[in-house]
Amino acid sequence: MYFNVGKKIKKLVGTTVLGAMLALSLTGLTGQKMQVKAENEFPEPVLYYDFENEADNKTVTDKVGENHPTLYSRARVEYNYDLESNVLNTRGSYMEFPVGFFDGLDEMTISLDVYSKMTNENFFTFAVGKSTDQYLFLRTRSGEWRWAITKGSWGAEDDVMVSDVNNKFSNQWRNVTLVLDGNEMRMYIDGECVDSQTGLRATISDFGTDVIGYIGKSFYDGDRYFNGMVDNVRVYDQALTDTQIAIMSGAELTPFYDVTGTGVIAWTADKENKALTVYAAKSAGAPADGVVISFKSQDYATLESGGDLQVAYGQENEVSFTMNTGATVTSEGWTVNAVLCDNPVLSGQYADPDIDVFGDTYYLYCTTDGFAGWAGTVFHCFSSKNLVDWTDEGVILDVSKGGDVPWSVSCAWAPTIEEKNGKYYFYFCAKDETGESMIGVAVADHPAGPYTAMDQPLMTVSMCKEYEVSMGQAIDPSIFTDDDGTSYMLFGNGAAAVVKLNDDMVSCDLNTLQNYYGVSGFREAITVTKRDGIYHFTWSCDDTGSPNYHVRYGTANSIFGNDESGNIDYKYVILSKNDELDILGTGHHSMLQIPGEDEYYIAYHRFFTPIGFFSDGTGHHRQTCIDKVTFGADGLMEVVTPTLEGVEPRLLPKTEPTTAPTEVPAEPTAAPTKAPAEGNPQGTQDVTADGGNGTLIIIIAAVAVVAVAAVVVVVLKKRK
């Protein structure tokens with residue numbers, strides 16, 4: 001993870017702040033306390049505001065010089081009970097540094113403790129510059145902290161940035177430090193370097209003389225003032241090193257800031273016990289017997305063995321680092337373990353998985369991810385004999401204009417499949433020429449196709465409206481066949497619905513179309529599993545681009561809800577993120593029961609790991625995973641723990657072979673969809689379409705898949 005979330009920044013009180021900093025003990029760096037001696041190793045700041053011992057709440061004193069600032073309007077120095085000391089509270093106003101103080105500071109370090117109450121508005125927490133064309137700024141939004149510098153307005157900004165997908169930046173104290181070192185800038189949060197940028201196109205000198213500096217104010221008149229608190233503002237006239245910044249912030253760091261290797265998708269460091277766990281995925285190219293890892297060491301640490309480290313799975317390895325801060329040299333030992341992971345189960349970017357069993361083979365049908373807007377156009381089929389090792393059977397349907405579907409032009413979204421009467425019915429989402437998302441169906445003689453699509457969509461929003469059924473977009477189908485052989489389609493976006501399929505499986509009995517109610521927080525992708533006469537419903541909530549995307553659960557006594565009224569008894573969240581392992585955005589799932597067994601699995605997608613591997617966002621970079629599902633003594637589905645390890649291999653009993661693919665499948669005949677029956681209004685509920693955020697799309701991206709599988713070098717910590 002990037003940060004120690006929730007950490008409070010402790011103030012160094014007193015007039016001899018330098019002495020206090022030099023006496024900081026770096027407990028986490030050596031395993032024993034190491035005192036840094038005052039032998040000119042640590043520079044003195046050229047400006048320091050700790051907001052203590054002020055004459056009144058409108059006066060701030062520079063503790064190392066005469067650069068006293070000015071407070072405007074509602075900005076006040078006030079006592080903070082959490083820190084038990086004074087802080088600057090901007091109260092939606094600002095503080096101004098002495099004009100000209102920052103002139104020519106092309107090499108400098110700026111450090112401040114920030115408590116931000118802001119979310120996504122335009123504002124500057126800290127700013128240095130002359131105008132809307134020439135400035136440097138820090139902005140502390142709830143999920144993103146960003147430094148930028150420019151001499152050509154906003155269109156020419158060079159920046160360093162860290163995105164906190166868990167939105168834990170707001171309403172807590174964090175230390176942020178910016179280093180300018182000629183043409184390079186680096187950003188640190190709580191003592192850890194989180195981003196850097198070289199080749200800057202602007203320097204402070206480019207701003208000329210009489211440079212202005214603010215806390216809480218932008219150079220744009222239309223921007224809001226910063227609302228929050230600031231403490232311990234320090235400016236150094238040189239670029240501090242990683243070690244010096246660790247000393248200044250009191251950070252407890254590992255001797256390494258990154259661990260890489262072929263197939264490595266994540267790592268965690270237990271600082272207290274000096275234990276490193278490395279996770280390597282088979283789907284990302286990890287070797288079967290062990291992984292070779294490389295350490296990126298902090299500038300004060302050196303791996304004593306040098307070179308790479310071979311780590312066998314399940315075996316402990318001992319490594320030592322020499323820790324040298326310039327004052328004390330010690331050795332620190334760490335234990336290293338490696339775990340071979342089966343999640344994600346597919347190489348590359350695939351989402352919205354539908355998992356099924358036909359004969360003695362498992363099948364997965366997914367959207368292909370990787371493009372903004374989820375604008376892919378093809379579906380793949382994957383097969384496996386053991387639930388762990390998967391084979392790509394290739395493209396089974398193309399929804400692009402002129403492709404395999406007469407009515408569609410783009411956006412191959414969340415599919416599902418059902419077998420009946422020796423045929424395989426593939427239900428999918430796509431857009432027509434008007435841009436409306438619809439559900440279609442295609443038929444084949446084999447699970448891997450080839451498939452022939454029906455000439456017309458199976459379900460549209462217009463059909464729902466005609467039957468007074470609320471619906472944002474007609475997307476995300478799942479098929480359930482009950483004990484009597486009757487099949488139903490569950491679907492929806494913004495509102496959930498169900499409809500009975502006709503015997504031909506390519507048309508609906510619209511007289512049965514109705515909404516579900518009680519589906520708490522429903523966004524999309526509702527499925528049902530029947531066990532011991534109870535219908536167990538699960539559905540996805542939040543936005544697929546959110547790290548909080550998750551699955552909720554409820555029950556009913558009928559496929560149409562309790563007493564066929566559409567009501568479902570909501571229970572609780574069944575699947576959600578694991579922050580510690582960067583397993584985020586867990587949702588859009590399907591359930592699998594092993595035929596004839598009381599054994600269940602869930603297939604779902606999550607954000608691509610490592611987080612931050614792609615720079616253009618996470619909501620359309622996702623991977624498919626599988627984990628075990630269990631039921632408790634009360635008959636209810638138990639909460640699923642998302643894992644990196646995945647599931648154990650699970651063979652199916654031998655059966656008669658599935659019919660081999662034919663060159664051209666038998667052309668299905670679509671029975672007409674029944675016309676609306678008069679006097680049959682269905683319950684409605686207000687819904688807002690989510691504009692497609694709830695589902696995804698596809699691209700094959702074969703080259704990208706190979707590159708990711710071969711080179712994924714991964715971390716839970718990010719540094720350019």
Side-chain angles (χ1 to χ4, degrees), residues 397 399 405-418 420 425-443 453-481 486-517 519 522-528 537 539 559-561 564-566 668-692 694-695:
L397 199 70
V399 304
V405 182
W407 55 267
S408 70
V409 298
S410 67
C411 294
W413 290 356
T416 189
I417 193 169
E418 187 77 349
K420 206 167 196 180
Y425 298 89
F426 182 70
Y427 301 83
F428 60 93
C429 306
K431 291 183 181 291
D432 70 358
E433 290 186 344
T434 69
E436 181 182 341
S437 293
M438 304 174 178
I439 296 173
V441 59
V443 189
M454 300 295 98
D455 290 342
Q456 298 296 323
L458 174 66
M459 181 60 63
T460 68
V461 170
S462 298
M463 294 178 185
C464 294
K465 289 181 177 178
E466 193 170 4
Y467 279 81
E468 300 183 11
V469 168
S470 295
M471 188 58 52
Q473 298 182 95
I475 58 174
D476 296 0
S478 67
I479 307 300
F480 170 76
T481 299
T486 305
S487 296
Y488 302 86
M489 182 172 72
L490 292 71
F491 67 100
N493 163 253
V498 61
V499 67
K500 185 172 78 71
L501 293 172
N502 291 321
D503 291 340
D504 61 12
M505 298 292 284
V506 296
S507 64
C508 301
D509 180 356
L510 290 177
N511 295 319
T512 66
L513 180 62
Q514 71 171 57
N515 278 120
Y516 283 121
Y517 303 96
V519 281
F522 177 83
R523 171 60 67 90
E524 59 203 7
I526 185 167
T527 69
V528 66
F537 294 86
W539 59 91
I559 185 61
F560 289 104
E564 300 192 356
S565 63
T669 302
T673 299
K674 289 189 178 180
E678 295 183 3
N680 187 38
Q682 304 296 322
T684 61
Q685 63 190 60
D686 292 335
V687 1
T688 303
D690 81 340
T695 33

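Note that this is a predicted model, so its numbers are computed, not measured.
Side-chain contact between M471 and T460 is absent, with no heavy-atom pair separated by less than 4.5 Å. Using a 4.5 Å cut-off on side-chain heavy atoms (C-beta onward), D432 and M438 make contact. Under the 4.5 Å side-chain criterion, counting only non-hydrogen atoms from C-beta, Y516 is in contact with L490. Looking at heavy atoms from C-beta onward, M489 lies in side-chain contact with I439 at the 4.5 angstrom threshold. Contact check for W413 versus E524: no side-chain heavy atoms found under the 4.5 Å cut-off.
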Checklist entry - After noting the C-alpha distance and the side-chain angles of L510 and M459, does the key distance pass the side-chain contact (heavy atoms from CB on, under 4.5 Å) rule? => result CA-CA 10 Å; L510 290 177; M459 181 60 63; 3.9 Å; yes
Next on the checklist: Determine whether I526 and V498 satisfy the following criterion, side-chain contact (heavy atoms from CB on, under 4.5 Å), listing intermediate values before the conclusion.
Outcome noted: CA-CA 9 Å; I526 185 167; V498 61; over 6 Å; no
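Scanning both residues, V499 and D509, for their nearest heavy atoms gives CG2-O, 3.4 Å. For F480 against I559, the heavy-atom pair with the smallest separation is CD2-CD1, 3.7 Å. Summarising the geometry of V469 relative to A497, their closest heavy-atom pair is CG1-CB, 4.1 Å, with the distance given to 0.1 Å. The minimum heavy-atom distance between G492 and F522, with the atom names listed, is O-CZ, 3.7 Å.
Atom CD1 of I475 sits about 6.0 Å away from atom SG of C429, to the nearest 0.5 Å. The distance from the CZ atom of R523 to the CH2 atom of W539 is 15.0 Å, given to the nearest 0.5 Å.
Not counting sequence neighbours, S478 has no partner by the side chain to side chain donor-acceptor pair (under 3.5 Å) test. By the side chain to side chain donor-acceptor pair (under 3.5 Å) test, K465 pairs with no residue at all, sequence neighbours left out. By the side chain to side chain contact (heavy atoms under 4.5 Å, CB included) test, S410 is found to be paired with K431, residues two or more places apart in sequence or in another chain being considered. Residues satisfying the side chain to side chain contact (heavy atoms under 4.5 Å, CB included) criterion with T416, sequence neighbours excluded, are D354, Y427, P477, I479. Among residues two or more places apart in sequence or in another chain, the side chain to side chain donor-acceptor pair (under 3.5 Å) test is passed with T486 by D484. Applying the side chain to side chain donor-acceptor pair (under 3.5 Å) rule to S565 yields the partners N567; only residues at least two apart in sequence or on another chain are considered. The ring pair (Phe, Tyr, Trp, His ring centres under 6.0 Å) check on F426 picks up Y365, F379, Y451, with sequence neighbours excluded. The side chain to side chain contact (heavy atoms under 4.5 Å, CB included) check on V409 picks up K401, E433, with sequence neighbours excluded. Among residues two or more places apart in sequence or in another chain, the side chain to side chain contact (heavy atoms under 4.5 Å, CB included) test is passed with A525 by D476, S540, H588.
N502 places no side-chain N or O within 3.5 Å of a backbone atom of D504 that could act as its donor or acceptor partner. T512 places a side-chain N or O within 3.5 Å of a backbone atom of K500 that can act as its donor or acceptor partner. S408 places a side-chain N or O within 3.5 Å of a backbone atom of V399 that can act as its donor or acceptor partner.
With no hydrogens or angles considered, no side-chain donor-acceptor pair links T481 and K420 at under 3.5 Å.
Listed by first and then second residue, the ring-ring contact (aromatic ring centres under 6.0 Å, His included) pairs that reach into residues 487-512 are Y488-F560, sequence neighbours excluded.
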